[in-house]
Student: 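Questions regarding the structure given below will be posed in turn.
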Amino acid sequence: MKKDDIFEFYARLAADNPAPETELNYGNVYQLVVAVALSAQSTDIGVNKATRLLFEQVKTPQQMVDLGLDGLKEHIKTIGLYNNKAKNVIALSELLIADYGGEVPANRDELTKLPGVGRKTANVVMNCAFGAETFAVDTHIFRVGNRTGLAPGKTVLAVEKKLEKQTPSPFRVHAHHWLILHGRYICKARKPECWRCPVADLCRFKKKTPAPASAD
DNA sequence: CTCCCGATAT
DNA sequence: ATATCAGGAG
């Protein structure tokens with residue numbers, strides 16, 4: 001996409017939502033790490049439903065270790081991939097205690113050493129907790145970037161690099177949230193709602209979906 | 001590349 | 001019935 005269109009693309013999303021935030025619920029940075037780790041291939045709504053009770057009981061890595069593997073599984077049974085996620089969250093909590101004094105490191109390379117925390121999760125934590133200009137490319141951003149032509153790429157890393165290189169400075173902090181929310185509610189995987197899309201005229205995906213009255 | 005895996009929308 | 005959901009590890 002051309003430079004002026006990229007600027008216009010973000011300017012319009014920003015106008016609709018000046019201060020976008022994650023929709024995952026959390027009370028501290030440790031809980032943010034856990035919530036994002038649990039969110040893989042699952043909806044934010046489903047994760048929030050499970051963490052509401054969990055986070056009342058567990059606010060620190062030590063409290064998670066005390067809860068134990070089976071106790072954690074009981075809380076997150078309703079989330080997909082819960083066996084792997086439970087093991088990772090316990091292991092991640094133990095590592096935070098052993099190597100980081102129970103604190104979450106404010107550094108992407110250190111975050112990535114935590115079990116269940118890959119580049120995307122680390123980028124989310126760096127942005128949401130520490131204000132870093134990171135672009136956490138998830139399924140939504142990968143789709144929106146490719147479909148619209150804003151940031152095409154064959155891999156999530158390629159899309160991330162493109163976003164990092166081309167995103168104008170006024171938008172760099174919030175860009176990834178604008179793109180996720182846009183993908184979640186308008187540029188949806190199954191049924192994109194182009195008729196109410198604020199950037200449809202900038203989008204290479206020319207599929208003109210019907211108006212809502214005749215959409216279904 | 002495959003496996004992990006429940007809830008929800010279509 | 002099947003696709004999709006804030007991916008990561010082996």
Side-chain angles (χ1 to χ4, degrees), chain A residues 13 17 20-26 29 31-55 69-70 72-95 108-130 132-147 150-151 153-160 163 173-194 207 209-210 212 214-216:
Chain A
L13 296 184
N17 189 357
E21 294 178 354
T22 178
E23 296 187 326
L24 291 167
N25 294 330
Y26 63 98
V29 183
Q31 290 183 342
L32 173 64
V33 173
V34 174
V36 181
L38 293 177
S39 71
Q41 298 291 285
S42 305
T43 61
D44 283 15
I45 294 173
V47 173
N48 289 338
K49 190 175 175 184
T51 56
R52 181 164 52 162
L53 283 175
L54 175 65
F55 286 167
L69 182 60
D70 291 337
L72 176 55
K73 282 186 182 179
E74 201 59 36
H75 275 280
I76 67 171
K77 258 182 187 168
T78 55
I79 305 176
L81 317 179
Y82 73 93
N83 277 301
N84 284 340
K85 289 174 181 176
K87 288 177 191 170
N88 285 333
V89 168
I90 294 296
L92 159 173
S93 302
E94 290 172 339
L95 187 60
R108 187 171 64 193
D109 291 333
E110 297 298 323
L111 285 167
T112 308
K113 293 178 182 175
L114 301 172
V117 177
R119 187 182 181 89
K120 175 254 160 183
T121 297
N123 280 337
V124 174
V125 173
M126 288 308 297
N127 179 269
C128 295
F130 304 118
E133 295 180 354
T134 49
F135 303 86
V137 180
D138 68 339
T139 182
H140 296 299
I141 296 187
F142 185 73
R143 180 181 66 254
V144 171
N146 278 294
R147 181 186 278 167
L150 175 74
K154 290 183 179 178
T155 66
V156 291
L157 186 58
V159 172
E160 180 185 332
L163 289 170
V173 173
H174 295 307
H176 97 270
H177 279 130
W178 281 315
L179 296 178
I180 284 175
L181 296 172
H182 184 63
R184 184 176 296 163
Y185 297 115
I186 297 178
C187 194
K188 299 188 289 187
R190 291 252 201 140
K191 205 179 79 170
E193 301 182 358
C194 302
K207 184 172 183 294
T209 55
S214 56
D216 300 324

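Chain letters run A, B, ... following the sequence lines, proteins first and then strands; every chain starts at 1.
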Student: Using the P atoms only, state how far dA3(C) lies from dT2(B), rounded to an integer number of Å.
Tutor: 15 Å
Student: In whole angstroms, how far is the P atom of dA9(C) from the CG atom of Asn83(A)?
Tutor: 16 Å
Student: Counting neighbours of CD1 on Ile45(A) that are heavy atoms of other residues, nucleotides or ligands and sit closer than 6.0 Å, is the number greater than 12?
Tutor: no
Student: Evaluate the side-chain proximity of Phe130(A) to Val29(A): yes if any heavy-atom separation is below 4.5 Å, no if none is.
Tutor: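 When only atoms from C-beta onward are counted, Phe130(A) and Val29(A) do touch, with a gap below 4.5 Å.
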Student: Show the nearest heavy-atom pair for residues Lys113(A) and Leu95(A), with the distance to one decimal.
Tutor: O-CD2, 3.8 Å
Student: CZ of Arg184(A) to OG1 of Thr139(A): how many Å apart, nearest 0.5 Å?
Tutor: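 OG1 of Thr139(A) is found 11.0 Å from CZ of Arg184(A).
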Student: Classify the side chain of Thr22(A) versus the base of dA6(C) as yes if they form a donor-acceptor pair under 3.5 Å and no if they do not.
Tutor: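 Indeed, a donor on one side and an acceptor on the other fall under 3.5 Å apart.
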Student: Measuring only the C1' atom in each nucleotide, how far is dT2(C) from dC5(B)? A whole number of Å is fine.
Tutor: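 Those two atoms are separated by 15 Å.
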Student: Under 4.0 Å between any heavy atoms, over every strand shown, what does Ser42(A) touch: base, sugar-phosphate, or nothing? Just pick one.
Tutor: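 Result for Ser42(A) = base.
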Student: Separation of Asn84(A) atom CG from dG10(C) atom P, in whole Å?
Tutor: 9 Å
Student: Let me know the distance between NZ of Lys87(A) and P of dG10(C), rounded to the nearest Å.
Tutor: 11 Å
Student: Please confirm whether the shortest side-chain N or O distance from Thr139(A) to OP1 or OP2 of dC5(C) is below 4.0 Å.
Tutor: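 Checking dC5(C) against Thr139(A), a side-chain N or O does come within under 4.0 Å of OP1 or OP2.
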Student: If the cut-off is 4.0 Å, is Arg143(A) near the phosphate of dT4(C), judged by side-chain N/O to OP1 or OP2?
Tutor: no
Student: Expressed in angstrom and rounded to an integer, what is the separation of Asp44(A) atom CG from dA6(C) atom P?
Tutor: 5 Å
Student: Looking across every strand, which nucleic acid part, if any, lies under 4.0 Å from Lys85(A) by heavy atom: base, sugar-phosphate, or nothing?
Tutor: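 Answer is nothing: Lys85(A) stays at 4.0 Å or more from every strand.
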Student: With a 4.0 Å cut-off on heavy atoms, is Ile141(A) in touch with a base, just the backbone sugar-phosphate, or nothing at all?
Tutor: nothing
Student: How far does the P atom of dC3(B) sit from the matching atom of dA6(C), given to the nearest Å?
Tutor: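 About 24 Å, rounded to a whole number of Å.
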Student: Which atoms form the tightest heavy-atom contact between Thr121(A) and Gly116(A), and what is the distance?
Tutor: OG1-O, 4.4 Å
Student: Which part of the nucleic acid does Val36(A) contact within heavy-atom distance under 4.0 Å: base, sugar-phosphate only, or nothing?
Tutor: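 Here Val36(A) touches no strand at all.
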Student: Nearest-Å distance, CG (Leu92(A)) to P (dG8(C))?
Tutor: 12 Å
Student: Would the distance check show the side chain of Asp138(A) and the main-chain N or O of Ile141(A) forming a donor-acceptor pair, the cut-off being under 3.5 Å?
Tutor: yes
Student: Report, as yes or no, whether the 6.0 Å neighbourhood of atom NZ on Lys73(A) holds more than 12 heavy atoms from other residues, nucleotides or ligands.
Tutor: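 Yes, enclosed.
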Student: Applying a 4.0 Å non-hydrogen cut-off, can you work out what Val117(A) is touching in the nucleic acid: base, sugar-phosphate, or nothing?
Tutor: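 Sugar-phosphate contact only - Val117(A) comes under 4.0 Å of backbone atoms but never of a base.
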Student: With a non-hydrogen cut-off below 4.0 angstrom, is Gly46(A) in contact with a base, only sugar-phosphate, or nothing?
Tutor: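 Nothing, no heavy atom under 4.0 Å.
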Student: Please step through side chain to side chain contact (heavy atoms under 4.5 Å, CB included) for the pair Val89(A) and Ile76(A), ending with a clear verdict.
Tutor: CA-CA 11 Å; Val89(A) 168; Ile76(A) 67 171; over 6 Å; no
Student: Take atom CZ of Arg190(A) and atom C1' of dT2(C), then tell me their distance rounded to the nearest Å.
Tutor: 6 Å
Student: Specify the residue among Lys188(A) and Ile79(A) whose closest nucleotide of DNA chain B lies further upstream toward the 5′ end.
Tutor: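 Nearest nucleotide further toward 5': that of Ile79(A).
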Student: Short of 4.0 Å, heavy atom to strand atom, which residues of residues 174-187 of chain A count as contacting DNA chain B?
Tutor: none
Student: Measure CZ/Phe142(A) against C1'/dC5(C) and give the value in whole Å, please.
Tutor: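 Distance, rounded to whole Å: 16 Å.
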Student: At the 4.0 Å heavy-atom cut-off to chain A, mark where contacts on DNA chain B begin and end, going 5' to 3'.
Tutor: dC4(B) to dT10(B)
Student: Quickly work out the Leu24(A) CG to dC5(C) P distance and round it to whole Å.
Tutor: 15 Å
Student: Is there side-chain contact between Lys120(A) and Ser39(A), with at least one heavy-atom pair below 4.5 Å?
Tutor: yes
Student: Hey, are the side chains of His75(A) and Leu53(A) touching, using non-hydrogen atoms and a 4.5 Å cut-off?
Tutor: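 Yes. Closest side-chain heavy atoms under 4.5 Å.
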